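Within every chain, numbering begins at 1; the chains are lettered A, B, ... in the order of the sequence lines, protein sequences first and strands thereafter. These numbers come from a predicted model, not from an experiment.
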Amino acid sequence: MQQSDFFQSVFQVVKLIPKGRVTSYGAIAAYLGTKKSSRTVGYAMNASHAIPGIPAHRVVNRNGMLTGKMHFDTPYRMQELLELEGIKVEKDVVVEFKELFWDPTLELEL
DNA sequence: ACGCTGACGTAAC
DNA sequence: AGTTACGCCAGCG
């Protein structure tokens with residue numbers, strides 16, 4: 001807790017990601033209105049480990065690559081979690097990423 | 001208090 | 001088309 005509002009907003013969106021779906025840091029940043037701060041979104045995910053209910057494994061980069069897998073308990077943890085949800089991961093890249101992509105600005109925006 | 005770094009993304013060369 | 005540079009925000013040395 002006590003994270004900046006930016007972090008909280010990021011966590012909020014990540015928690016809303018449906019199972020079996022993925023999103024990108026930039027998409028979250030864009031939803032928050034600061035698409036240029038996509039870096040900070042990823043940084044927020046780094047702090048998400050302290051908060052339960054944050055499926056950080058569902059958040060990948062714009063390329064669909066599991067860039068943050070190394071920050072998990074184990075490097076394969078992220079890929080395994082994704083596969084458990086039905087998301088196929090090959091070479092650290094989400095298969096059919098664009099089809100599994102869940103854009104908050106597209107689903108949450110009014 | 002200042003500066004570098006980092007789970008990204010876009011623009012420029 | 002591949003590589004380099006910059007912006008953004010927060011944490012840490």
Side-chain angles (χ1 to χ4, degrees):
Chain A
M1 302 300 288
Q2 266 62 9
Q3 267 78 15
S4 302
D5 296 317
F6 192 88
F7 276 42
Q8 296 237 358
S9 300
V10 173
F11 300 143
Q12 201 91 317
V13 177
V14 174
K15 280 198 272 191
L16 291 171
I17 301 173
K19 185 185 171 212
R21 279 281 166 63
V22 291
T23 191
S24 64
Y25 308 95
I28 298 170
Y31 175 69
L32 299 176
T34 58
K35 74 172 189 180
K36 287 190 172 178
S37 55
S38 49
R39 274 182 81 159
T40 317
V41 175
Y43 200 77
M45 304 306 322
N46 196 356
S48 71
H49 80 88
I51 293 141
I54 307 294
H57 60 272
R58 291 184 190 152
V59 186
V60 294
N61 68 356
R62 209 268 185 231
N63 202 21
M65 186 175 175
L66 284 56
T67 42
K69 62 168 189 170
M70 43 186 77
H71 287 268
F72 279 75
D73 200 8
T74 58
Y76 351 83
R77 187 70 186 186
M78 190 173 184
Q79 180 172 334
E80 287 183 355
L81 287 169
L82 287 170
E83 291 183 333
L84 283 171
E85 295 186 355
I87 301 171
K88 297 196 177 96
V89 180
E90 203 167 305
K91 293 183 171 56
D92 302 339
V93 181
V94 176
V95 182
E96 303 282 302
F97 168 68
K98 58 178 193 165
E99 292 190 30
L100 296 171
F101 184 60
W102 181 81
D103 192 339
T105 60
L106 201 67
E107 304 290 331
L108 301 181
E109 69 135 355
L110 322 174

Colleague: Please name all residues satisfying side chain to side chain contact (heavy atoms under 4.5 Å, CB included) with A:Arg77, sequence neighbours left out, ordered by chain then number.
Modeller: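 Scan of A:Arg77 (side chain to side chain contact (heavy atoms under 4.5 Å, CB included), adjacent residues dropped) gives A:Phe72, A:Thr74, A:Leu81.
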Colleague: Which pairs, protein N/O on one side and nucleotides 9-13 of chain B N/O on the other, fall under 3.5 Å?
Modeller:
residue, atom, partner, partner atom, Å
B:dG9, OP1, A:Arg62, N, 2.7
B:dG9, OP2, A:Arg62, N, 2.7
B:dG9, O4', A:Ser38, OG, 3.1

Colleague: When you compare B:dC4 with C:dA5, how far apart are their P atoms, in angstrom units rounded to a whole number?
Modeller: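 Result for the P pair: 15 Å, nearest Å.
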Colleague: What parts of residues 64-80 of chain A reach DNA chain B, counting only heavy atoms under 4.0 Å away?
Modeller: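 A:Thr67, A:Gly68, A:His71, A:Phe72 - these, ordered by number, are the residues of the stretch whose heavy atoms sit under 4.0 Å from the strand.
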Colleague: Can you check the A:Asn46 CG to B:dC8 P distance for me, whole Å?
Modeller: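 Atom-to-atom, A:Asn46 to B:dC8, this comes out as 10 Å.
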Colleague: By side chain to side chain contact (heavy atoms under 4.5 Å, CB included), which residues pair with A:Asn46, not counting sequence neighbours?
Modeller: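 For A:Asn46, the residues satisfying side chain to side chain contact (heavy atoms under 4.5 Å, CB included) (neighbours in sequence not counted) are A:His71.
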Colleague: Given atom CZ of A:Phe7 and atom C1' of B:dC8, what is their separation to the nearest angstrom?
Modeller: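 From A:Phe7 CZ to B:dC8 C1': 14 Å.
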Colleague: Please list, chain by chain and in numerical order, all residues satisfying side-chain hydrogen bond (donor to acceptor under 3.5 Å, both in side chains) with A:Asn63, sequence neighbours excluded.
Modeller: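 A:Asn63: no side-chain hydrogen bond (donor to acceptor under 3.5 Å, both in side chains) contacts found.
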Colleague: Please identify each residue that fulfils side chain to side chain contact (heavy atoms under 4.5 Å, CB included) with A:Lys15, with sequence neighbours left out.
Modeller: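 Side chain to side chain contact (heavy atoms under 4.5 Å, CB included) check on A:Lys15 returns A:Gln12, A:Ile54.
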Colleague: What are the residues of residues 92-100 of chain A, sorted by number, that bring a heavy atom to within less than 4.0 Å of DNA chain B?
Modeller: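 Nucleic-acid contacts, sorted: none.
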Colleague: From C-beta outward on A:Ser37, which listed nucleotide comes closest to its side chain: B:dA7, C:dA10, C:dC8?
Modeller: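 Of the candidates, C:dC8 comes closest.
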Colleague: Going by the rule side-chain hydrogen bond (donor to acceptor under 3.5 Å, both in side chains), which residues pair with A:Asp92 if we only count those two or more places apart in sequence or in a different chain?
Modeller: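 So A:Asp92 forms a side-chain hydrogen bond (donor to acceptor under 3.5 Å, both in side chains) with A:Lys69.
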Colleague: What integer distance in Å separates A:Tyr43:OH from B:dC4:P?
Modeller: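 Answer to the nearest Å: 16 Å.
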Colleague: If you link ILVMFWY side chains whenever their heavy atoms are less than 4.5 Å apart, which other residues fall into the same cluster as A:Met65? By chain and number, please.
Modeller: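 Joined to A:Met65, directly or through intermediates: A:Val93.
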Colleague: Starting at atom CZ of A:Phe11, determine the distance to atom C1' of C:dA10, rounded to an integer number of angstrom.
Modeller: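 For the pair A:Phe11 CZ and C:dA10 C1', the rounded distance is 11 Å.
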Colleague: Taking atom P of B:dC8 as reference, at what distance in whole Å does atom CG of A:Asp103 sit?
Modeller: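 About 18 Å, once rounded to whole Å.
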Colleague: List the residues meeting salt bridge (Lys or Arg N to Asp or Glu O under 4.0 Å) with A:Lys35, not counting sequence neighbours, and say none if there are none.
Modeller: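 Partners of A:Lys35 under the salt bridge (Lys or Arg N to Asp or Glu O under 4.0 Å) test: none.
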Colleague: Which part of the nucleic acid, if any, lies within reach of A:Ala29 when heavy atoms closer than 4.0 Å are counted: base, sugar-phosphate only, or nothing?
Modeller: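 Answer is nothing: A:Ala29 stays at 4.0 Å or more from every strand.
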Colleague: Among residues at least two apart in sequence or on other chains, which ones pass side chain to side chain contact (heavy atoms under 4.5 Å, CB included) with A:Lys19?
Modeller: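 Scan of A:Lys19 (side chain to side chain contact (heavy atoms under 4.5 Å, CB included), adjacent residues dropped) gives A:Arg58, A:Glu85.
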Colleague: Mind telling me whether A:Phe7 and A:Phe11 have parallel, tilted or perpendicular rings, with 30° and 60° as the class edges?
Modeller: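 Aromatic pair A:Phe11/A:Phe7 classed perpendicular.
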Colleague: With no hydrogens and no angle check, just 3.5 Å: does a side-chain donor-acceptor pair link A:Thr40 and A:Ser37?
Modeller: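 Result is no, nothing qualifies.
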Colleague: Considering only the P atoms, how many Å lie between B:dA1 and C:dC8, rounded to the nearest integer?
Modeller: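 Between the two P atoms, the distance is 22 Å.
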Colleague: In residues 23-30 of chain A, what donor-acceptor pairs under 3.5 Å come from side-chain atoms, sequence neighbours left out?
Modeller:
residue, atom, partner, partner atom, Å
A:Thr23, OG1, A:Trp102, O, 2.9
A:Ser24, OG, A:Ala27, N, 3.2
A:Tyr25, OH, A:Val59, O, 3.3

